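Written out below as structure tokens is the structure these notes cover.
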Amino acid sequence: MLLIDVVRVSEAVTRTSARLGKVGHLAELLGRVGPDEARIAISYLSGELPQRQVGVGWRSLQDPPAPKLVATATLTEVDALLSRIKAVAGQGSQAARKDLVTELFAGLTSQEQAFLARLLGGELRQGALDGVMIEAVAKASGAPSADVRRALTLRGWLPAVGAAALSGGVEALRAFRLEVGRAVAPMLAGSAPSVAAALEKAGGQPVALEWKLDGIRVQAHRSGDVVRVFTRTLDEITAQVPELAEAVLGLPEDDLVLDGEVIALQPDGRPHPFQVSASRVASKLDVARLREETPLSVFFFDALRVAAADLLDLPYSERQEALARTVPPGLLTPRLVTGDVAKAEAFFADVVRAGHEGLVVKTLTSPYAAGRRGAGWIKVKPRHTLDLVVLAAEWGHGRREGKLSNLHLGARDPDGGYVMLGKTFKGLTDELLAWQTERFLQIADGPTDGWTVRLRPELVVEIAFDGVQRSPRYPGGMALRFARVLRYRPDKRPDEADTVDTVRALML
DNA sequence: TTCCGACAGTGGGGTCGCAAT
DNA sequence: ATTGCGACCCCACTATCGGAA
């Protein structure tokens with residue numbers, strides 16, 4: 001199959017707004033792709049590369065070579081070249097990699113070049129990723145989408161699942177099993193604004209409340225004396241977290257898959273800032289020294305496999321029993337089972353007082369349904385707010401083209417002026433985007449680089465955020481974590497906005 | 001007919017490792 | 001030594017579609 005066939009389908013999918021229409025276009029193509037190329041086609045059309053990353057980003061694609069006029073490149077050829085680029089990028093020379101990128105793009109028409117550039121940049125933007133592709137694979141193969149989804153949970157990679165479905169149908173899908181040593185797609189949580197709201201979502205039944213630790217999600221696999229550890233995106237980090245391997249090897253079972261969180265704790269048990277945990281887990285050099293300085297702790301909260309028995313389909317309460325039989329209390333995430341709102345709120349106050357992030361509320365009956373947010377797990381975190389001044393705004397991309405979107409936020413400096421604390425584009429409705437674009441252009445001030453529009457500091461906006469973190473980037477040395485717009489405050493003047501001192505107090 | 005769950009899109013700050021400057 | 005880039009860790013929120021109620 002030619003690359004251009006895939007590009008044409010991608011363009012048709014982009015033009016179609018109805019989800020079922022997108023599925024139809026994708027399924028039609030999957031119906032005529034050969035078995036060797038199914039994996040590649042599914043990968044490209046769900047917005048990823050079979051190689052995952054190849055070390056080529058938007059910057060490397062700034063000056064593409066002259067395009068060809070006739071499309072002749074096959075999927076197999078393009079895939080092989082990308083594999084070579086990945087291999088070269090892994091062993092050094094930027095120049096060699098650049099030559100291969102040029103060779104690849106020189107063999108493509110401008111239409112194909114544009115597609116591949118977006119694919120490499122991770123910005124396909126055709127309105128279809130895994131969710132839509134699952135339906136397309138189901139339609140093209142004749143298998144129920146539930147079987148496709150289930151196989152994806154266990155295998156963690158849709159192109160492999162899709163290729164199996166297209167060649168072997170539902171039988172092939174049902175042959176996928178949890179395999180120790182290969183990561184499972186992790187179960188994700190939705191969110192609620194308060195503990196009471198989370199309990200209500202759970203339907204008034206007793207629920208489990210678990211401490212939410214602000215570290216790195218880990219999935220630990222043990223087979224005999226071999227332990228492997230994976231992140232939420234299924235990347236392996238075994239070498240970076242030796243503490244975790246040792247902890248798992250100390251357990252009485254040797255055929256295990258556990259779900260948990262690693263976090264750097266201070267000697268008094270309070271958590272380090274998230275940056276410290278993230279830095280520790282990301283560092284690959286001199287891990288032995290780093291673990292002396294910043295040891296990691298692990299807390300497990302779920303068991304997917306214990307003593308060679310798969311537990312994913314069991315209700316959460318039964319997985320908990322298996323977990324408690326296998327893992328000593330010191331390695332378990334603190335939890336409380338209750339249906340009582342007052343008790344739940346007291347537990348929430350406990351976790352916040354201990355310096356942790358919040359709670360995850362879990363229904364006792366839900367199976368381990370990977371990849372779907374909001375089903376059985378709901379996170380609750382405390383929310384801070386500040387009234388800040390809009391200092392500038394940036395023009396948006398994609399569906400926000402032509403709208404001023406990303407706000408630069410400033411706190412008032414009591415000595416005069418404003419100190420920038422970060423940016424946000426979150427929480428804006430289309431109506432608000434339209435309003436602020438018009439309003440900002442009235443108060444635009446000073447030169448623009450064509451991207452950022454500086455504003456007279458006149459508008460006050462109420463911002464919600466999760467916390468204040470140290471920042472090397474901003475002049476005040478601090479930045480807001482996960483800032484989002486709640487509403488504009490036309491009732492407030494800029495000289496009534498919150499001050500940098502208020503923000504600094506929140507960081508301590 | 002209305003409601004609501006799932007999905008895609010739009011980007012945020014911080015950090016590491018690597019190659020080039 | 002510093003800088004630019006790619007990748008990935010954490011993530012909130014809105015709009016939309018289409019099946020469920």
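Sequence lines set the chain letters: A, B, ... in the order given, protein chains first and strands last, and positions in each chain run from 1. Source: prediction; values computed, not measured.
Distance A:Asp63 CG to C:dC5 C1': 15 Å, rounded to the nearest Å. Regarding A:Leu432, its CG atom lies at a distance of 18 Å from the P atom of B:dT10, rounded to whole Å. One interatomic measurement links the two molecules: CG of A:Leu421 to P of B:dG14, which rounds to 11 Å at whole-angstrom precision. One interatomic measurement links the two molecules: CD of A:Glu135 to P of B:dA6, which rounds to 12 Å at whole-angstrom precision. Atom-to-atom, CG of A:Leu119 to C1' of C:dA7 comes out at 16 Å; the value is rounded to the nearest Å. Rounded to whole Å, atom C1' of B:dT10 lies 12 Å from atom CG of A:Asp430. Rounded to whole Å, atom C1' of C:dC13 lies 12 Å from atom CD1 of A:Ile463. In this entry the distance linking CG of A:Leu407 with C1' of C:dT14 reads 15 Å, nearest Å.
Proximity of A:Thr231 to the phosphate of C:dC8: no side-chain N or O atom is located under 4.0 Å from OP1 or OP2. OP1 or OP2 of B:dG11 has at least one side-chain nitrogen or oxygen of A:His397 nearer than 4.0 Å. When the side-chain nitrogen and oxygen atoms of A:Asn406 are compared with OP1 and OP2 of B:dG12, one or more of them lie within a distance under 4.0 Å. OP1 and OP2 of B:dG9 both lie 4.0 Å or more from every side-chain N or O belonging to A:Arg400. A:Arg97 has no side-chain polar atom (N or O) that falls below the 4.0 Å cut-off from OP1 or OP2 of C:dG6. Note on A:Lys22: every side-chain N or O is 4.0 Å or more away from OP1 and OP2 of B:dC7. Note on A:Arg125: every side-chain N or O is 4.0 Å or more away from OP1 and OP2 of B:dG9.
Looking at the side chain of A:Gln469, the nearest of the listed nucleotides B:dG9, C:dA15, B:dG14 is B:dG14. Out of B:dC7, C:dA15, B:dG11, the shortest distance to the side chain of A:Lys426 is found at B:dG11. Here the nucleotide nearest the side chain of A:Lys423, chosen from B:dG13, C:dT14, C:dC10, is B:dG13. With C:dA12, C:dC10, B:dC16 as the choices, the nucleotide that has an atom nearest any side-chain atom of A:Ser279 turns out to be B:dC16.
Within residues 471-482 of chain A, the residues that place at least one heavy atom under 4.0 Å from DNA chain B are, in residue-number order, A:Ser471, A:Pro472, A:Arg473, A:Tyr474, A:Ala479, A:Phe482. Near DNA chain C, meaning a heavy atom under 4.0 Å from it, residues 51-62 of chain A has A:Gln53, A:Val54, A:Gly55, A:Val56, A:Gly57, A:Trp58, A:Arg59, A:Ser60 in order of number.
Residue A:Lys212 is in sugar-phosphate contact alone, with no base atom involved, counting any heavy-atom pair closer than 4.0 Å across all strands shown. Here A:Lys403 lies out of heavy-atom contact (under 4.0 Å) with every strand. Within 4.0 Å (heavy atoms only), A:Ser277 reaches no atom of the nucleic acid at all. Here A:Val132 lies in heavy-atom contact (under 4.0 Å) with sugar-phosphate atoms only.
Looking only at side-chain heavy atoms (C-beta outward), A:Asp413 and A:Thr499 stay at 4.5 Å or farther from each other. Two residues are said to be in side-chain contact when any heavy atoms from C-beta on lie closer than 4.5 Å; A:Arg217 and A:Pro186 meet this criterion. A:Val161 has its side chain within reach of A:Val148: a pair of non-hydrogen atoms, C-beta onward, lies under 4.5 Å apart.
Salt bridge absent: A:Arg412 and A:Asp498 never bring a charged side-chain N and a carboxylate O closer than 4.0 Å. The pair A:Asp430-A:Arg399 meets the salt-bridge criterion, with a side-chain N (NZ, NE, NH1 or NH2) lying under 4.0 Å from an Asp/Glu carboxylate O. A salt bridge links A:Arg291 with A:Glu246; the closest basic N to acidic carboxylate O contact falls under 4.0 Å.
In terms of position along DNA chain B, the nucleotide closest to A:Gly396 lies nearer the 5' end than the nucleotide closest to the other residue of the pair A:Gly396 and A:Val276. Each of A:Lys284 and A:Ser405 was matched to the nucleotide of DNA chain B holding its nearest heavy atom; the match closer to the 5' end belongs to A:Ser405.
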Between the protein and nucleotides 18-21 of chain C, list the N/O to N/O atom pairs that are separated by less than 3.5 angstrom.
residue, atom, partner, partner atom, Å
C:dG18, OP1, A:Arg19, N, 2.9
C:dG18, OP1, A:Leu20, N, 2.7

Could you go through A:Glu210 and A:Lys379, starting from their C-alpha distance and side-chain angles, then the distance that decides it, and tell me whether this counts as salt bridge (Lys or Arg N to Asp or Glu O under 4.0 Å)? CA-CA 9 Å; A:Glu210 285 174 3; A:Lys379 60 189 163 189; over 6 Å; no
For ring pair (Phe, Tyr, Trp, His ring centres under 6.0 Å), just list the numbers for A:Tyr316 and A:Trp377, CA-CA rounded to whole Å, side-chain angles, deciding distance to a tenth of an Å, and then say yes or no. CA-CA 10 Å; A:Tyr316 166 80; A:Trp377 295 3; 7.2 Å; no
List the steps, then state whether salt bridge (Lys or Arg N to Asp or Glu O under 4.0 Å) holds for A:Lys362 with A:Asp302. CA-CA 11 Å; A:Lys362 301 183 176 178; A:Asp302 213 327; 5.1 Å; no
Between A:Lys423 and A:Glu394, does the salt bridge (Lys or Arg N to Asp or Glu O under 4.0 Å) criterion hold? Intermediate values first, please. CA-CA 10 Å; A:Lys423 309 179 190 180; A:Glu394 296 173 18; 2.8 Å; yes
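With values rounded to the nearest 0.5 angstrom, A:Lys426 atom NZ is found 11.5 Å from A:Ser405 atom OG.
Between A:Trp211 and A:His356, the angle of the ring planes lies from 30° to 60°, which puts this pair in the tilted group.
Note that A:Arg481 lies in the cation-pi zone of A:Phe274, set by a 6.0 Å cut-off to the ring centre and a 45° limit from the axis.
Across A:Val461, A:Leu459, A:Leu428, a single residue satisfies side-chain contact (heavy atoms from CB on, under 4.5 Å) together with A:Gln436, and that is A:Leu428.
Nucleotide C:dG6 has B:dC16 as its partner under the Watson-Crick or G-U criteria, with both atom distances under 3.5 Å.
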